[in-house]
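Following: one structure in structure tokens, then a few remarks.
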Amino acid sequence: DFVINLLKHPVFLDDTYTTKFIDTTDDLFTFAKRQDRATRILTYLADISVNGHPETAGRPLPPAQARAPIPPAPKAPPAPGTRQLLEDQGAQAVADWMAAQTQLLITDTTMRDGHQSLLATRMRSIDMIRVAPSYAANLPQLFSVECWGGATFDVAYRFLQECPWQRLRDIRAKMPNLMTQMLLRASNGVGYTNYPDNVVQFFVKQAAETGVDVFRVFDSLNWVENMRVAMDAVIDSGKICEGTVCYTGNMLDPDRAKYDLQYYVKTAQDLKAAGAHVLGLKDMAGLLKPPAARILIKALKEEVGLPIHFHTHDTSGMGGATILAAADAGVDAVDCAMDALSGNTSQPTLGSVVEALAQTERDTGLDIGAVRAISNYWERVRESYAAFESGLQSPASEVYLHEMPGGQFTNLKSQARSMGLEDRWHEVAQAYADVNRMFGDIVKVTPSSKVVGDMALMMVSQNLTPEDVTNPDRDMSFPDSVVDMMRGNLGQPPGGWPQAIQDKVLKGEAPITDRPGAHLEPVDLEEVRAKLSEELDGKAIDDEDLNGYLMYPRVFTDYMARHETYGPVRTLPTRSFFYGMEPGDEISVEIDPGKTLEIRLLTLGETDEKGEMKVFFELNGQPRQVRVPNRK
Ligand code: BTN
Ligand code: 3PY
Ligand code: ZN
């Protein structure tokens with residue numbers, strides 16, 4: 001029946017359909033027991049209302065008196081911004097313009113790193129899309145809005161039951177004058193492992209097409225050799241390639257001479273030679289101190305000659321000072337998060353940087369009133385995510401000991417909690433530092449940071465000292481991620497891996513020392529597409545879905561299966577998504593532009609002998625009931 005409906009449908013006949021068409025065209029499903037989207041959404045709401053959401057169980061609740069977030073009204077039609085410059089004149093013109101500016105350019109990271117670092121990456125698309133028009137209208141001077149990549153890609157599928165590509169497409173459409181920005185882990189794509197070259201190329205091409213303008217490309221060991229495939233793909237797409245060096249260690253400390261000024265200048269020069277339009281300086285843990293920033297930025301400006309975009313985290317509480325020092329030294333652009341999602345493991349506070357530089361030659365040109373109004377929106381949004389707050393109470397200088405990235409810190413802490421190690425957190429921090437030293441002092445950022453974290457947790461949980469781990473006479477098995485990294489599968493750190501620990505981990509197996517991608521066969525994309533389509537009952541697989549599958553096969557197919565049951569739950573308000581509804585509650589859900597469901601929960605019925613509960617709704621004024629298992 002479905003196939004007949006599909007074959008007869010006018011959109012199908014004129015060949016413009018995709019999987020999105022099937023998902024958004026209910027009349028294809030009117031034949032059968034297969035449920036329409038409204039019923040699927042009611043099923044989801046009933047299930048969460050009866051059983052709760054597994055991710056918020058036992059976690060702090062949003063404040064009882066919390067009010068719905070209302071995005072600030074757009075003050076004017078969006079003025080032309082960086083996006084127009086990119087579209088009209090291309091990537092190099094944007095880079096030239098950046099370098100010629102006197103104002104300090106600002107990237108807002110709230111929609112990516114801000115919530116990745118404070119709320120375990122759990123922010124839902126609807127909360128971003130609703131405020132995107134306010135950004136476009138009221139802050140057209142922003143350099144870019146970081147809203148994609150990093151951990152947001154898999155978390156969207158895995159935990160939020162939404163399509164990351166759709167998020168990108170929607171944000172892009174609502175901010176036609178601002179450049180969107182993503183974080184790309186070079187050959188590791190948006191995953192934790194090295195992908196075949198053609199998968200990386202296919203992913204970049206799709207991201208550019210769906211809506212990314214600026215690609216911040218980094219490698220988790222700063223190995224430029226392993227960044228070229230991704231960088232070339234970005235350059236070929238016509239978008240901006242921000243070739244990025246990660247900052248680690250302590251540049252002014254002679255005992256950490258591996259990462260000294262010369263190291264950064266040389267790596268930056270290599271990135272320029274590899275074709276970067278802009279130099280990214282990524283201080284993922286927030287280790288760059290103000291005096292070192294002055295020296296480093298000045299040297300990079302003079303000796304490399306690319307415009308510089310600086311990223312840091314405020315874990316130490318010193319991030320704002322480092323930004324001001326970098327601004328003094330001539331940095332071109334910096335990353336900040338909107339006030340309500342800034343500070344601690346997130347980026348420094350956007351409004352405060354705007355205020356600090358107002359009436360100086362580096363005045364950002366941003367309207368501080370507009371910043372505050374948008375931040376007030378985020379403040380209310382944040383309340384709905386109380387379950388994902390880390391409980392971190394203050395900045396801490398301990399970050400200079402452990403050097404954990406801001407995006408990993410709260411994550412590792414909750415992993416430690418789930419292993420019963422929360423009250424030994426400071427030991428985990430010390431072990432993390434010890435592991436770094438054992439591994440030869442490496443850059444720690446996804447995925448290398450995850451490897452260090454895995455090893456640190458193992459040491460604390462098994463009460464192992466660094467001497468135990470390095471002792472060649474003491475046999476032990478290492479976490480898979482450690483073995484994989486020592487095999488060379490994340491690439492090479494400067495100077496290679498320390499021989500003794502590598503030998504111990506690999507137990508005689510020979511590592512690779514060239515690019516991991518050189519050992520991976522290209523994937524036959526059409527063959528994978530056909531197999532996936534078959535696995536999904538003949539569903540048409542477009543390039544976005546195929547890319548999702550290539551990055552995360554299981555995560556993607558699990559998502560698709562749940563999508564069959566629950567429908568477009570991305571359109572639910574965040575409160576209802578995580579907590580369901582109470583009898584008497586009423587919500588509006590726009591499942592398509594102009595197509596709104598008015599949903600009211602009437603009552604929860606009895607649980608029957610099969611353990612199922614009947615849940616009574618009113619849907620657009622009509623009574624509807626659905627049955628869901630009562631698992632309580
Ligand atoms: C809807 O809102 O109706 C659809 C939301 C779910 C996204 C589907 S699932 C796979 C496919 N890929 C997309 O980008 N969107 C659809
Ligand atoms: C990521 O790769 O997700 C990061 O945020 C690294 O800092
Ligand atoms: Zn970051």
Side-chain angles (χ1 to χ4, degrees), residues 106-123 144-159 164 181-195 200 203 207 212 214-223 226-227 230 242 244-248 280-288 309-316 319 322-323 326 333-338 341-350 390 399 402-412 442-453 481 490-491 551-552:
I106 304 241
T107 292
D108 179 311
T109 61
T110 313
M111 301 186 200
R112 204 285 299 178
D113 210 359
H115 72 99
Q116 179 173 329
S117 299
L118 294 177
L119 302 174
T121 328
R122 293 303 195 275
M123 192 187 287
S144 65
V145 174
E146 192 196 40
C147 55
W148 214 66
T152 65
F153 188 84
D154 72 290
V155 169
Y157 284 130
R158 201 192 295 263
F159 298 117
Q181 179 160 335
M182 82 164 287
L183 184 67
L184 181 67
R185 302 165 183 158
S187 289
N188 306 310
V190 285
Y192 295 82
T193 180
N194 208 291
Y195 293 91
V200 175
F203 182 86
V212 174
V214 183
F215 289 77
R216 175 173 290 157
V217 185
F218 74 96
D219 176 74
S220 81
L221 297 169
N222 272 345
W223 197 33
N226 209 19
M227 296 171 69
E242 186 173 307
T244 297
V245 56
C246 299
Y247 181 84
T248 192
L281 176 60
K282 178 174 165 64
D283 179 18
M284 59 279 168
L287 301 176
L288 183 60
H309 192 167
F310 174 54
H311 173 87
T312 191
H313 287 254
D314 205 17
T315 317
S316 70
T322 302
I323 283 186
V334 299
D335 284 3
C336 295
M338 278 291 166
L341 277 152
S342 73
N344 281 331
T345 52
S346 176
Q347 272 64 64
T349 308
L350 195 149
S390 72
V399 70
H402 56 64
E403 305 185 343
M404 283 170 208
Q408 178 184 33
F409 185 95
T410 51
N411 227 292
L412 194 66
I442 61 171
V443 172
K444 295 163 293 300
V445 62
T446 320
S448 62
S449 52
K450 181 178 176 302
V451 182
V452 173
S481 63
L490 295 185
M551 282 288 139
Y552 289 98

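As the structure lists them, so they are numbered: ligands from 1, and atoms in each ligand from 1.
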Looking just at side-chain N and O atoms, do Ser342 and Thr349 make a donor-acceptor pair shorter than 3.5 Å?
yes
Proximal atoms of ligand 2 relative to Met284 (non-hydrogen, under 4.0 Å):
7 (O)
Is the shortest heavy-atom distance from the side chain of Val334 to the side chain of Thr107 under 4.5 Å?
no
Any side-chain to backbone donor/acceptor pair from Trp223 onto Leu490? Under 3.5 Å, distance only.
no
Contact (N/O only, under 3.5 Å) between Lys282 and ligand 2
yes
Should you measure from each heavy atom of Gln116, which atoms of ligand 2 turn up under 4.0 Å away?
1 (C), 3 (O), 4 (C), 5 (O)
Do me a favour and list the nearest non-hydrogen protein atom to atom 2 (O) of ligand 2 with residue, atom name and distance?
Arg185 NE, 2.8 Å
Within 45° of the six-membered ring axis of Tyr195 and under 6.0 Å from that ring's centre, is NZ or CZ of Arg185 located there?
no
Any idea which atoms of ligand 2 are less than 4.0 Å away from a heavy-atom of Ala151?
3 (O)
Tell me whether Tyr552 contacts the main-chain N or O of Val190 through its side chain, where contact means a donor paired with an acceptor under 3.5 Å.
yes
Is the shortest side-chain N to carboxylate O distance from Arg216 to Asp335 below 4.0 Å?
yes
Using non-hydrogen atoms of the residue, decide whether Gly407 is closer than 4.0 angstrom to ligand 2.
no
Ranked by distance from atom 4 (C) of ligand 2, the top protein heavy atom is Leu183 CD2, 3.3 Å
If you stand at the Zn ion (ligand 3) and look out to OD2 of Asp113 and NE2 of His313, what angle do those two lines make, to 10°?
100°
Which segment of Arg112 sits under 4.0 Å of ligand 2 when only heavy atoms are counted
side chain
Shortest non-hydrogen contact from Asp314 to Gly343?
OD2-CA, 3.7 Å
Hey, what's the ring geometry for Phe409 with His402, parallel, tilted or perpendicular (30° and 60° as the breaks)?
tilted
Would you check if the Zn ion (ligand 3) lies under 2.8 Å from any N, O or S atom of Asp335?
no
Show me which atoms of ligand 2 lie under 4.0 Å from any heavy atom of Val445.
6 (C), 7 (O)
